[in-house]
Colleague: 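Have a look at this one.
If you read the sequence from its start, that first residue is 1, and numbering goes on from there.
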Amino acid sequence: EVQLVESGGGLVQAGGTLKLSCAASGFTFDDYLVGWFRQVPGKEREGVSCISGRTGSTHYADSVKGRFSISTDSAKNTVYLQLNSLKTEDTAVYYCAVYKFLSGSTWWTPQICNSPHYGMNSWGKGTLVTVSS
């Protein structure tokens, strides 16, 4: 069974940094695309970033490009999201999620990373990031 546990959220001032972690278990990391999403109350969940466990390729939403960085530590079976130059509009609950590649495939589309309805099918419970002005 796939299990995802986010951590690292907290309160930070605008312009500051945080590093989020998503600890994964129950699957082989290189068989999955791992993504970060975020959600504000009253709004739909939106994609933030993704990384391929097979190739290391990444994707970022335009709103975070140049500020956030996604990475993995295969030994720890963990994916990270480094949040830099935080803005108040980054305040949200951040979730990690995974998409399972077909056997032998490295195919994925940014749409999987942009929409929670497209391909992600396993989710963590989230970690709250609050950015104050």
Colleague: Could you check whether any side-chain N or O of Thr127 sits under 3.5 Å from a backbone N or O of Gly9, counting only pairs where one atom can act as donor and the other as acceptor?
Modeller: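 Flag set: sc Thr127 to bb Gly9 pair under 3.5 Å.
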
Colleague: Given side chains that start at C-beta, do those of Trp123 and Pro116 come closer than 4.5 Å, heavy atoms only?
Modeller: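 They are in contact (side-chain heavy atoms under 4.5 Å apart), so the answer is yes.
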
Colleague: Taking Ser74 for the side chain and Asn77 for the main chain, is one N or O donor matched with an acceptor at less than 3.5 Å?
Modeller: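 The answer is no, because no donor-acceptor pair under 3.5 Å joins these two groups.
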
Colleague: List the atom of Gly47, the atom of Ala61, and the distance in Å for their closest heavy-atom pair.
Modeller: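 Between these two residues, the closest heavy atoms are O-CB, 3.5 Å.
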
Colleague: Show, in sequence, the C-alpha distance, side-chain angles and deciding distance for Ile70 and Val79, and conclude whether the side chain to side chain contact (heavy atoms under 4.5 Å, CB included) test is met.
Modeller: CA-CA 7 Å; Ile70 192 169; Val79 62; 3.8 Å; yes

Colleague: Is the shortest side-chain heavy-atom distance between Gln82 and Thr17 below 4.5 Å?
Modeller: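 Heavy-atom side-chain distance check passes, below 4.5 Å.
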
Colleague: Applying a strict under-4.5 Å side-chain criterion to I, L, V, M, F, W and Y, I'd like to know whether Val34 and Leu83 cluster together.
Modeller: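 Both belong to a single hydrophobic cluster.
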
Colleague: Could you state the interatomic distance from CD (Glu46) to SG (Cys113), rounded to the nearest 0.5 Å?
Modeller: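 Output value for this atom pair is 13.0 Å.
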
Colleague: Is there a path from Leu128 to Phe37 through hydrophobic residues (I, L, V, M, F, W, Y) whose side chains come within less than 4.5 Å of each other?
Modeller: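 Leu128 clusters together with Phe37.
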
Colleague: Does NZ or CZ of Lys65 come closer than 6.0 Å to the centre of the six-membered ring of Tyr60, within 45° of the ring's axis?
Modeller: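 Relative to the ring axis of Tyr60, which defines the angle, Lys65 lies outside at least one limit.
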
Colleague: Hey, is the main chain of Lys125 close enough, under 3.5 Å, to the side chain of Glu6 for a donor-acceptor pair?
Modeller: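 The answer is yes, because a donor-acceptor pair under 3.5 Å joins these two groups.
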
Colleague: Would you say Phe101 and Trp107 make side-chain contact, with heavy atoms under 4.5 Å?
Modeller: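 Answer no - side chains too far apart.
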
Colleague: Side-chain heavy atoms under 4.5 angstrom apart, residues restricted to Ile, Leu, Val, Met, Phe, Trp, Tyr: same cluster for Val64 and Met120?
Modeller: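 In one cluster: no.
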
Colleague: Roughly how far, to the nearest 0.5 Å, is the OG atom of Ser57 from the CG atom of Leu33?
Modeller: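 OG of Ser57 is found 7.5 Å from CG of Leu33.
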
Colleague: Check whether any side-chain N or O of Ser52 sits under 3.5 Å from a backbone N or O of Arg54 as a donor-acceptor pair, and report yes or no.
Modeller: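 Such a contact is found between Ser52 side chain and Arg54 backbone.
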
Colleague: Say you draw a straight line from OG of Ser71 to CD1 of Ile51; how long is it, rounded to the nearest 0.5 Å?
Modeller: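 With rounding to 0.5 Å, OG (Ser71) is 6.5 Å from CD1 (Ile51).
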
Colleague: Indicate the atoms forming the closest heavy-atom contact of Gly35 with Cys50, along with that distance.
Modeller: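 Smallest interatomic distance, heavy atoms only, reads CA-SG, 3.6 Å.
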
Colleague: Spell out, as yes or no, whether a donor-acceptor pair under 3.5 Å connects the side chain of Ser115 to the backbone of Ile112.
Modeller: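 Side chain of Ser115 to backbone of Ile112: no pair is present.
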
Colleague: For Glu44, does the CD atom sit with more than 12 other heavy atoms under 6.0 Å from it, leaving out its own atoms?
Modeller: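 Atom CD in Glu44 is not crowded, with 12 or fewer foreign heavy atoms closer than 6.0 Å.
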
Colleague: In Å, rounded to the nearest 0.5 Å, how long is the span from NZ of Lys87 to OG of Ser133?
Modeller: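 Taking NZ in Lys87 and OG in Ser133, the distance rounds to 14.5 Å.
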
Colleague: Would you say Tyr99 and Tyr118 are hydrophobically clustered, going by side-chain heavy atoms of ILVMFWY under 4.5 Å?
Modeller: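 Result: yes, single cluster for both.
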
Colleague: Would you call Val129 and Leu18 a side-chain contact if the rule is heavy atoms closer than 4.5 Å?
Modeller: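 Side chain of Val129 against side chain of Leu18, heavy atoms only: contact under 4.5 Å found.
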
Colleague: Rounded to the nearest 0.5 Å, how far apart are OH of Tyr80 and OG of Ser7?
Modeller: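 Rounded to the nearest 0.5 Å, the OH-OG separation comes to 8.5 Å.
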
Colleague: With ring pair (Phe, Tyr, Trp, His ring centres under 6.0 Å) as the criterion, how do Phe27 and Tyr32 come out once you've worked through the C-alpha distance, each side chain's angles and the decisive distance to 0.1 Å?
Modeller: CA-CA 8 Å; Phe27 64 95; Tyr32 286 80; 4.3 Å; yes

Colleague: Given the side-chain rings of Trp36 and Phe68, with only the six-membered ring counted for Trp, is the space between their centroids under 6.0 Å?
Modeller: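 For Trp36 and Phe68, the ring centres are not under 6.0 Å apart.
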
Colleague: Using modelled atom types only, decide if a donor and an acceptor are shared between the side chain of Arg38 and the backbone of Val93 within a distance under 3.5 Å.
Modeller: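 Checked: no pair found.
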
Colleague: I need the Asn84 CG to Arg67 CZ distance, nearest 0.5 Å.
Modeller: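 With rounding to 0.5 Å, CG (Asn84) is 9.0 Å from CZ (Arg67).
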
Colleague: Could you tell me whether Arg45 sits above the aromatic face of Tyr95, with NZ or CZ closer than 6.0 angstrom to the six-membered ring centre and within 45 degrees of the axis?
Modeller: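 Satisfied, under 6.0 Å and within 45°.
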
Colleague: So do the side chains of Leu81 and Val48 get within less than 4.5 Å of each other, counting heavy atoms only?
Modeller: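 A side-chain contact exists here, since the closest heavy-atom pair is under 4.5 Å.
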
Colleague: I'd like to know if the side chain of Thr78 and the backbone of Lys76 have a donor-acceptor N/O pair within less than 3.5 Å.
Modeller: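 Yes, because the side chain of Thr78 sits within donor-acceptor range (under 3.5 Å) of the backbone of Lys76.
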
